[in-house]
Chemist: 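Encoded as structure tokens, here's the structure I'll be asking about.
Computed from a prediction, not measured in an experiment: that's the story for all the values here.
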Amino acid sequence: MDGDFINNIVQIILDHLDDNKFGADKLASEIGLSNSQILKKVKAQTGKSVTQLITETRLKEAAKLILDTDNTASEIAYKVGYSSPSYFNKCFNKFFGVTPGEYKEKGKNIFNTEIPKEPVKKQKSNSRLIFSGTILAALLISAIISITSKNEIPKSTAIENSIAVLYFDDMSSDSNNQWFCDGITDEISSNLSKIKGLRVISSTSSKKYKNSDKTIPEIAKELGVNFIVEGSVKKYMDTVRIKVKLIGANDEKIWFHDYDEKLDNILKIQSDVAKQVAQKLKITMNPQEEKALNSFPTENMEAYQQFLKGRSIFEKVSQNKKESLNIRNTSIGYFKKAVELDSNFSEAYAEMALVYFIMYLFDGRDQLNLYYAEENIDLALNLDSDKARSNSIKGMIHYFGKGEKETGKELLEKAIALDPHEILSHIAIAVYYSGYNEKPKDLKKALNYINIADQLDPYNPFVFDYRIPIL
């Protein structure tokens, strides 16, 4: 009855099709076997791993939905458990050899791959697609993704001086220091993005390769970059050891350095890494870029650590509304401690504003949260009016919170001018040009901004669902 076993496995996958967190572990639990037992049985009967079987089942079901429904490629992506439509398109193209749009046009007869002929299974509504009916994904589905399904978004290709920072390994004896290690990685990536001669892949896409067993050449190819930065962090009391390597796409070692410093020098180390990378890649920085790298967000290390904790907590997105609210309140608590320790900490005010704004959108549209969001972003901009992220957050508050679209657009454009790597602004500007519940204004421009965001952050699921909710 081996066929029955695989049929049962496939049916369980279909029952959880819209759950993007459903993987080999959950499947083993559902079937009542250990991970190793289910792997052996699936491998013996199909020649595939459990993960491959789950992926192929998702993609075959997607193919059926493409042919038998009028759903857009993005809607189908969510229905079959992909939180990122762009990543779904890439996986579909790799498996079938064509894009979802081409599949729709040419029909299933052009493929050798067998598509199950059972009636399309009615899917449950995807919780990622609907957060009070107001997330950016919903807007992109209606206004933009209809274009992207025609394969008009180019694939990532490596360009000169393109780079990704992989998440550093935490070598600390204290297992509670992961937030610190991740914060170092994010800050190095952020510093590199201040150098206009570099195209820097967002750290949210780089996180996909955390604890990955893929080689540097494989990662570089998938991210479309020519260089990789990797390293490790060891924190002990008031000292820190950071090992950094700059590696070419072919795994050649270009530069490495070990930093053994007092914790108070951590910001200087992060800045120095960016400068060294620029030097090794023969990039000449202009005075403004050098000034930006020499400008530290705070001199208070305790405030900085509170800031990193707050940001780390905020990124722990949950599907549970009550749990999400607790996460947001906890992160606000850390940001408040940061500004109590340093009242001039602009970035901490900005991140606190973003959390309040998310709470306004997702947690009952409490006007008090909108007020706190605007109050904190104004404090951030009063301290530093040239921070791209602060201008981006301010723009989203005006656009999506207050309905002041032109003001919001101007601030978002300013953010992009200050930092061409600013992901939030690119997505929000795409919303503007898509028409935002009005007659579309300029879909070519909307698509252009989506293209840029996809190139900068190709594997970031939050680009399309959690990070930028809309009204």
Chemist: Taking NZ, NE, NH1 and NH2 as the nitrogens, is one of them in Glu289 or Lys196 under 4.0 Å from a carboxylate oxygen of the other?
Modeler: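 No.
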
Chemist: In chain order, what residues pass the salt bridge (charged side-chain N to carboxylate O under 4.0 Å, His left out) check against Asp260, with sequence neighbours excluded?
Modeler: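 Only Arg241 meet the salt bridge (charged side-chain N to carboxylate O under 4.0 Å, His left out) criterion with Asp260.
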
Chemist: Mind checking what makes side chain to side chain donor-acceptor pair (under 3.5 Å) contact with Lys234, not counting sequence neighbours?
Modeler: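 For Lys234 there are no side chain to side chain donor-acceptor pair (under 3.5 Å) partners, ignoring immediate neighbours.
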
Chemist: Please check if any side-chain donor atom of Glu290 sits under 3.5 Å from a side-chain acceptor atom of Asn294, or the reverse.
Modeler: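 No donor-acceptor contact under 3.5 Å links the two side chains.
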
Chemist: Please list, chain by chain and in numerical order, all residues satisfying side-chain contact (heavy atoms from CB on, under 4.5 Å) with Val10, sequence neighbours excluded.
Modeler: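 Per chain and number, Val10 pairs via side-chain contact (heavy atoms from CB on, under 4.5 Å) with Ile6, Leu14, Thr57.
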
Chemist: Just jot down the salt bridge (charged side-chain N to carboxylate O under 4.0 Å, His left out) partners of Lys262, sequence neighbours excluded, or say none.
Modeler: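 Expected list: Asp238.
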
Chemist: Applying side-chain contact (heavy atoms from CB on, under 4.5 Å), run through Asn226 and Asn161 and close with a yes or a no.
Modeler: CA-CA 6 Å; Asn226 284 330; Asn161 292 338; over 6 Å; no

Chemist: Using a distance-only test with no angle check, is there a side-chain donor-acceptor pair under 3.5 angstrom linking Asp15 and Gln11?
Modeler: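 Yes.
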
Chemist: Considering residues, nucleotides and ligands other than Phe296, do more than 12 of their heavy atoms fall under 6.0 Å from its CZ?
Modeler: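 Atom CZ in Phe296 is packed in, count exceeds 12.
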
Chemist: How many angstroms lie between CG in Leu456 and OG in Ser202, if you round to the nearest 0.5 Å?
Modeler: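 So the CG of Leu456 and the OG of Ser202 are separated by 8.0 Å.
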
Chemist: Could you go step by step and tell me if Phe180 and Val240 meet the side-chain contact (heavy atoms from CB on, under 4.5 Å) rule?
Modeler: CA-CA 11 Å; Phe180 181 77; Val240 62; 4.0 Å; yes

Chemist: What verdict does the side-chain contact (heavy atoms from CB on, under 4.5 Å) test give for Thr99 and Asn89, after you've listed the backbone C-alpha separation in whole Å, the side-chain angles of each residue and the deciding distance to 0.1 Å?
Modeler: CA-CA 6 Å; Thr99 66; Asn89 286 348; over 6 Å; no

Chemist: Evaluate Lys214 against Glu222 for salt bridge (Lys or Arg N to Asp or Glu O under 4.0 Å), listing each step before the verdict.
Modeler: CA-CA 10 Å; Lys214 290 190 176 183; Glu222 290 182 11; 2.6 Å; yes

Chemist: Can a donor-acceptor pair be found between the side chains of Asn300 and Thr298 at a distance below 3.5 Å?
Modeler: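 No, because no side-chain N or O of Asn300 sits under 3.5 Å from a partner of the opposite role on Thr298.
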
Chemist: With rounding to the nearest 0.5 Å, note down the distance linking CD1 in Ile163 to CG in Leu192.
Modeler: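 Between atom CD1 of Ile163 and atom CG of Leu192 there are 5.5 Å.
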
Chemist: Please table the atom pairs, donor to acceptor, closer than 3.5 Å between any side-chain atom in residues 242-256 and protein atoms at least two apart or in another chain.
Modeler:
{"from": "Lys243", "atom 1": "NZ", "to": "Asp258", "atom 2": "OD2", "distance (Å)": "3.1"}
{"from": "Glu252", "atom 1": "OE1", "to": "Asn250", "atom 2": "N", "distance (Å)": "3.2"}

Chemist: Is there a donor-acceptor contact under 3.5 Å linking the side chains of Lys194 and Asn191?
Modeler: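 Result is yes, a qualifying pair exists.
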
Chemist: Applying salt bridge (Lys or Arg N to Asp or Glu O under 4.0 Å), which residue pairs with at least one partner in residues 272-281 are found, sequence neighbours left out?
Modeler: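 Salt bridge (Lys or Arg N to Asp or Glu O under 4.0 Å) check on residues 272-281 returns no pairs.
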
Chemist: When you look at CE of Met171, are more than 12 heavy atoms from neighbouring residues, nucleotides or ligands closer to it than 6.0 Å?
Modeler: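 No.
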
